[in-house]
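Structure, as structure tokens:
Residue numbers run from 1 in the order of the sequence given. Worth knowing before you read on, the calculation uses all heavy atoms, side chains too, and leaves out hydrogens, waters and symmetry mates.
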Amino acid sequence: MQKKWLGLSLSLMLAAGIAGCGGNGNNSGAANGAAGGSTASPSAEAGGNTAKSGPVQLKYWTDDRHDQEYIKELINKFNETNSDNIQVELTVMSENYTQSVDIAFSSNQAPDVLRLKSANTSEFVKKGYLAPVDSYLTDDMKTKFSSLMLDNVNRFDGKLYSLPNTGLTMRLVYNKDIFAKAGIQNPPVSLQEMVDDAKKITEAGKSEGIYGFALNFKNPKQAFDRSIREILSLSGYQGLGFDLKTGQFDFAPYSQVIEYFKQMYKDGSVLPGAETLDIDPLRAQFAAGKIGMYLSFSTEPGVYKDQFPTEINWAGALAPTLDGQIKGTSEIVSAGTWLGISAKSAHQEAAWKFMQYMYGDEVLKTYHEKGFGIAVVPSIVEQAKNPDIKGMEGFLVGEYDSLWPATPSVTPEGSNYADAFFKYILTGGDAKAITEDLNTRYNAALSKAVEKGEVKVTPDPAFDPAKPQGE
């Protein structure tokens with residue numbers, strides 16, 4: 001791993017990823033059944049919660065499946081070694097995660113510990129699901145996580161609800177052999193180069209079913225949030241259409257990127273059928289050597305190790321920028337949260353002891369080294385070894401990766417920005433009018449959210465995209 005850490009101070013961005021938690025063990029009933037989750041229970045000797053002398057039983061819910069075997073190992077070790085007579089039961093959800101959490105809390109079947117992600121922490125806090133953890137922090141933990149205790153990410157109204165573990169970097173994923181076959185020596189650094197390279201690859205490989213570019217356009221927002229987001233942040237703009245200097249939405253920079261995507265579609269450089277392509281079918285096509293490049297998160301090396309094993313010669317590189325110049329930093333996403341304690345738990349002290357164990361150096365270090373996620377805690381970054389996974393070296397935190405301020409989450413009337421721009425790519429229209437309409441609708445939604453006290457916005461005229469953390 002590159003050890004040049006950028007400070008991780010002052011601010012953090014909201015993630016695009018889906019977040020959530022799982023079921024309530026023996027009492028989860030319909031919540032577990034609907035979600036199709038799997039449950040790992042404590043040993044039989046642990047006993048129940050009915051006898052006063054019995055162990056304290058905790059329920060931990062998560063929607064993470066990629067790391068479940070490692071988490072099971074950690075929980076088994078904790079159950080066998082903790083001196084506080086605590087037994088933790090793990091439930092791994094497979095779908096309907098947030099909905100299951102809502103059902104569990106409304107029916108008094110909530111878990112004690114929940115897996116949190118940046119996309120749902122704010123909502124869980126608003127709904128009263130989470131208990132603050134400030135009073136539990138030791139001095140060592142305050143020092144370890146001080147630069148990552150951030151407003152509107154894991155800290156709300158001055159109260160801390162979670163701590164980070166890992167984050168996701170975003171990169172251009174490309175097939176080196178396909179690039180070489182098309183006579184391209186290096187990955188593109190500008191969007192015009194990306195358009196040109198996609199065209200060259202398609203011309204050289206179309207007869208073999210090889211195309212220059214693809215994204216999972218079955219869900220335009222997911223596609224753009226794993227691609228345009230990084231392009232814009234490296235180009236000096238917030239990647240989700242929000243202007244941090246003015247405190248308003250402005251999709252003008254976004255529309256500039258869309259024009260290059262539209263050109264690739266017009267050129268026929270995009271994999272046919274991408275309009276209905278989900279991310280896993282896309283990955284299967286890339287693993288089969290049919291896609292020259294796409295943009296995605298640092299989950300991809302693990303995917304090509306386990307889910308879609310491949311022998312193709314591929315790598316990750318920084319995304320291209322609007323003009324080939326790096327004027328900002330690539331956002332590290334989903335980096336503010338990991339575990340949280342239920343406000344309804346009758347065993348919050350015990351839940352914290354389990355959390356304290358999970359946030360230990362050895363656990364966080366091994367989590368990174370096994371490739372389950374890229375460490376963002378500075379002290380862990382310094383001591384952890386690089387994951388031994390092909391392709392991971394291109395995704396490790398480096399000079400141009402950083403944490404950005406949180407972006408207000410609003411729901412406008414009408415279509416969202418991704419659907420509106422994707423329709424423009426497919427059918428054309430007036431890009432300026434589309435952009436102005438998005439600005440109007442998003443800022444109207446923002447004003448309503450501010451009036452209701454749902455979000456807080458503080459313009460920062462001095463914001464520097466090259467130093468989003470204020471170093």
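A donor and an acceptor atom, one from each side chain of Gln263 and Asp267, are located under 3.5 Å apart. A donor-acceptor contact closer than 3.5 angstrom links the side chains of Glu300 and Tyr294. If you check the side chains of Tyr129 and Asp102, you find a donor sitting under 3.5 Å from an acceptor. Between the side chains of Gln307 and Asp280, at least one donor N or O sits under 3.5 Å from an acceptor N or O. Using a 3.5 Å distance cut-off with no hydrogens or angles, the side chains of Tyr424 and Glu259 do pair a donor with an acceptor. Side-chain atoms of Tyr265 and Glu275 include a donor-acceptor pair closer than 3.5 Å.
Distance alone, capped at 3.5 Å, is enough to place a donor-acceptor pair between the Ser233 side chain and the Thr329 backbone. The backbone N or O of Ala317 lies less than 3.5 Å from no partner atom in the side chain of Arg171, so there is not a single donor-acceptor pair. A donor-acceptor pair is defined here as one N or O able to donate and one able to accept, closer than 3.5 Å; no such pair exists between the side chain of Thr276 and the backbone of Lys218. Checked by atom type and distance alone, the side chain of Asn175 pairs as donor or acceptor with a backbone atom of Ile178 at under 3.5 Å. Panel note: side chain Ser342, backbone Asp112; no donor-acceptor pair is recorded below 3.5 Å. Using a distance-only test at 3.5 Å, with no hydrogens or angles considered, no donor-acceptor pair links the side chain of Thr435 to the main chain of Ser255. Looking only at distances, no side-chain donor or acceptor of Thr337 sits under 3.5 Å from a matching main-chain atom of Asn154. Between the side chain of Thr202 and the backbone N or O of Gly212 there is at least one donor-acceptor pair closer than 3.5 Å. At least one donor-acceptor pair closer than 3.5 Å links the side chain of Asp401 to the backbone N or O of Gly398. In this structure, the side chain of Asn219 engages the main chain of Lys221 through a donor-acceptor pair within 3.5 Å.
Proximity of the aromatic rings of Tyr417 and Phe249 is defined here by a centroid distance below 6.0 angstrom, and this criterion is not met. Ring to ring, Tyr174 and Trp314 are not that close: their centroids are 6.0 angstrom or more apart. Between Trp404 and Phe463, the ring centre distance stays below 6.0 Å. For Phe213 and Phe261, the distance between ring centers is under 6.0 angstrom.
By the 4.5 Å heavy-atom criterion applied to side chains, Leu191 and Met194 are counted as neighbours. A heavy-atom distance below 4.5 Å is found between the side chains of Lys144 and Val377. Under the 4.5 Å side-chain criterion, counting only non-hydrogen atoms from C-beta, Val133 is not in contact with Tyr161. The side-chain heavy atoms of Val153 and Thr121, taken from C-beta on, include no pair separated by under 4.5 Å.
Using bins of under 30°, 30° to 60° and over 60° for the plane-to-plane angle, the ring pair Tyr359/Trp338 lands in the perpendicular bin. Between Tyr367 and Phe372, the ring-plane angle classifies as tilted under the 30° and 60° cut-offs.
Here the closest non-hydrogen pair linking Pro387 and His368 is CG-O, 3.2 Å. In terms of heavy atoms, Met264 sits closest to Ala198 at SD-CB, 3.8 Å.
By the 6.0 Å and 45° rule, Lys290 does not stack over the aromatic ring of Tyr211.
The pair Asp437-Lys432 fails the salt-bridge criterion, with no side-chain N (NZ, NE, NH1 or NH2) lying under 4.0 Å from an Asp/Glu carboxylate O. Between Asp151 and Lys456, none of the side-chain N atoms (NZ, or NE/NH1/NH2) sits under 4.0 Å from a carboxylate O, so this pair counts as no salt bridge.
The CD1 atom of Ile201 sits 14.5 Å away from atom NZ of Lys206, with the distance rounded to the nearest 0.5 Å.
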